[in-house]
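Note sheet for the following structure.
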Amino acid sequence: MEEKEILKRLRFKFPVEVEDSAVSLGDDVIVIAKDALLPVATFLKEKAQDYAMLLDLTCVDFRGKEPRFEMVYHLFSLSRNIRLRLKVRLSEQDLWIDSLTGLWKNANWLEREVFDMFGVRFEGHPDLRRLFMYDGFEGYPLRKDYPLRKRQPPTRLRD
Amino acid sequence: MPTRIEKEARPDSLLLNMGPSHPAMHGTIRIMLELDGERILNSELEVGYLHRGFEKTCENRTYFNLLPYTDRLNYVSPLINNLGYVMTVEKMLGIEVPERAQYIRVLMSELSRISDHLTCLAAMAMECGAFTVFLYKMRAREFIWDVIEQTTGARMTTSYIRIGGVKADLHPNFDTVLKKAVDETRDVLKDVHGLLDKNKIFLNRTRDVGNISAEDAINFGWTGPCLRSAGVYYDVRKAHPYLIYDRLKWDVPLGERGDNFDRYMVRMKEMDQSLRIIEQAAVRIPQTARSHISGGIEPAEAIRASRRRKPRENINLSPNLEGSEEFRYRDITASQKGLAVPPKENTYTTIEGLIEHFKFFMSGHGIQPPKGEAYFAVEGGNGELGFYIVSDGTDRPYRLHLRAPCFHIVSALEFLIKGRYVADVIPTFGSMNMIGGELDR
Amino acid sequence: MSGDKKKRPPAGQFITTQFNSLLGWARKFSLFQYPFITACCGMEYMSMVCAHYDFDRFGAGWTRFSPRQSDMLFVVGTISQKEAPVLRTVYEQMTEPKWVVAFGTCTVSGGIYDNYAVVQGIDKIIPVDIYIPGCPPRPETVLEGFLKLQEKIQHQEQEWRWKKKKS
């Protein structure tokens, strides 16, 4: 099948870096090591594989587990009409990863959003600042240890 | 804290702020422009003024409870957001929805899509000065909202498409009201084509303004009408067909140059195609076996009578529950237990129904997808609307992430307006259909 | 006011109360609104202003997109913490007399969003005259709220002597 072929190709080209691959509910998933992100992404974007679109980029906080954070990338190939999910695990002490802004332009804002919400730093990002929250906001809201209702108003509120 | 543009700006250029409260900013975006006279040298966008903490809130609500939050994402086409979320959960649960419910979902999605395109183009035209177009399209939208309101109960934020199916069956008068809405929309579209298509002023403002090439559009992650205006054939309904889209005959309009005018034309033609889908679906929808039965006993009496045995008479349910009577359930909801609120008649008269009702809503019970994750995308008004849900086996999602189509489209605005005039920002931004609820989540 | 009529007030006070009512009547039927639209309620606002539910028949059809030229601030849609200083600035830029209408439950009390990012009701930032609940409120609800505002304007003490309104 076409989808499984990409998993085989990746395993063949990056035998060390690909930690796991699976087909979960019809989606192809591969888990790779942190250092392998840029080479794997470049390989996937080449004409032979043609994953021309970065659909989405997000992070999941598995608090209590080590490594704590998991970056999830969704790639899409228009010509072959298949999606691929890339996962990279990051630990809290070493919370940085390579930026994909060189390959896909929308990674710029997506990575700023992840930085804003989780605190993950992106090496090579041209302008890493908060996207949604206002200047002076402390903390990273989507982490599991940030309480839902903790309010830090930027202006003084009336009562 | 100085923004990037303040740090980078040349000393003799003017910094203009198209601030968050601006009539043409669709609410809540801030565009900072560095100007030399009227030409834009550089620009910076600031978003997040409508960040409402959707993703964090969803981690604290059960799968059923968070349905109203999904309505308020892309608030011009709320039923499509409902659909996207619900289909992701159904993918995780592995359930199949009855055929009539699928047809109803398609009808409602397409009505929502038409109202999305109507609103987008109405706002874009109004900002360019064509106020009549705005009034005409809002009129058509009212008729469409009448159709939606009759079945779902609300004009906008409906929470109608539920896990397992839909909340209620179509109103018996649906076909008449739908025909009126379709006819009115067709009239309005014809009028607007006459007003804008060959209008010199509109063409001057939108032709060859905000051009983007197909490669750039793909690199930016554009999907939906904006990508199709650049000539790329990608529609989630054709590429990964869901519900019954593969059984209906319809086309995908494409543009050529990727400019504002093409985005306008693609949306207008898509509305025609949506009307085609609606007409086909309304004819081919499988009929319900029985018609609406009226009369019966009051619920309090039924509860009292059920102490001895289950009453055989019909129960007069409240008007809010019109369309979700027990005999309709096999048409509108999947048959697995625990996915939808059990029929009210069972709740009133049997102990199993009562227990099922409580277990559905109780914290710790209810819908509990197995551990794992899923990503499902539907074609939203702006493009590929994807939901990524990570489940840890409990009744609340561990992580819910929305792939917002207009996020990627708006991130290209700085690239599109560079070197243009200030007045070009308005139609460019308007044709992108930025919806704050979806962009900022 | 009815008590005054029984006691036969001095002529000057009679004229000022009549002038007060006249000014109230003029103001309530010629409101210039500033729609501060952020979110979903904006869709119902658009419906309300358009032909089906016609807001113009109350004299408030013209939207003035400048705070200096408007006297009614229609806060439509959720106000997030980031937007709050902007709202405050816009309110302070408006000239007296001014009225604020909170349109939609998000502005009334934060709505369904009780979290780190949303202000729980705009009366925490600016004083509000009329609260219109609903998520989103139907246009008829908004029109009823607007009629209440008109009543309030008619019966309030008009500032035509340049006295500062108590905030």
Side-chain angles (χ1 to χ4, degrees), chain B residues 19-30 46-61 65-66 68-69 71-78 115-116 118-119 122-123 126 131 134-143 145-146 149 154-157 435-437 440-441, chain C residues 34-54 56 61 63-67 70 73-91 93 104-106 110-119 134-141:
Chain B
S21 177
H22 187 286
M25 290 299 111
H26 297 268
T28 48
I29 215 173
R30 182 179 171 206
E46 191 175 341
V47 296
Y49 286 97
L50 194 60
H51 179 69
R52 298 187 277 196
F54 165 70
E55 294 180 356
K56 181 106 187 156
T57 309
C58 287
E59 292 171 12
N60 288 281
R61 299 272 183 277
N65 268 359
L66 69 91
Y69 290 94
D71 273 328
R72 285 140 178 96
L73 289 170
N74 184 344
Y75 38 79
V76 281
S77 55
S115 85
D116 188 332
L118 283 173
T119 315
M126 175 173 75
F131 197 67
F134 177 70
L135 291 171
Y136 281 7
K137 291 200 160 160
M138 290 296 111
R139 193 184 115 229
R141 195 180 79 168
E142 288 295 327
F143 287 109
W145 279 9
D146 276 342
E149 185 185 15
R155 284 148 60 90
M156 228 174 85
T157 48
I435 304 288
D440 294 336
R441 271 158 267 143
Chain C
Y34 182 96
F36 193 94
I37 304 182
T38 42
C40 353
C41 282
M43 299 300 112
E44 287 293 8
Y45 172 81
M46 279 156 79
S47 286
M48 182 188 73
V49 194
C50 287
H52 268 231
Y53 295 99
D54 201 12
D56 204 359
T63 51
R64 291 276 139 218
F65 286 110
S66 162
S70 57
L73 182 62
F74 240 123
V75 189
V76 183
T78 322
I79 299 295
S80 63
Q81 300 280 10
K82 196 171 182 183
E83 184 90 20
V86 176
L87 180 61
R88 176 106 208 144
T89 314
V90 166
Y91 176 74
Q93 282 177 346
T105 39
C106 288
I112 56 175
Y113 298 103
D114 183 10
N115 55 36
Y116 60 91
V118 171
V119 176
C135 193
R138 279 196 68 111
E140 290 99 335
T141 317

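Chain letters run A, B, ... following the sequence lines, proteins first, then strands; residues in each count from 1. Fair warning: this is a prediction, and the values are worked out from it, not measured in the lab.
With a 4.5 Å cut-off on non-hydrogen atoms, B:Arg155 touches chain C through its side chain but not through its backbone.
Residues satisfying the salt bridge (charged side-chain N to carboxylate O under 4.0 Å, His left out) test with B:Glu46, not counting sequence neighbours, are B:Arg30, C:Lys82. Residues satisfying the side chain to side chain contact (heavy atoms under 4.5 Å, CB included) test with C:Thr105, not counting sequence neighbours, are C:Pro133, C:Cys135.
Outside the 6.0 Å centre-distance limit, the rings of B:His51 and C:Tyr113 are not counted as a close aromatic pair.
If you tally non-hydrogen atom pairs under 4.5 Å between each of B:Glu142, B:Met138, B:Met156 and chain C, the highest count goes to B:Glu142. Looking only at heavy-atom pairs under 4.5 Å with chain B, the residue among C:Ile112, C:Val86, C:Leu87, C:Val118 that has the most is C:Ile112. Ranked by heavy-atom pairs shorter than 4.5 Å toward chain B, the options C:Ser47, C:Ala117, C:Ala51, C:Pro136 are led by C:Ser47.
Rounded to the nearest 0.5 Å, atoms OG1 (C:Thr78) and CZ (B:Arg72) are 9.0 Å apart.
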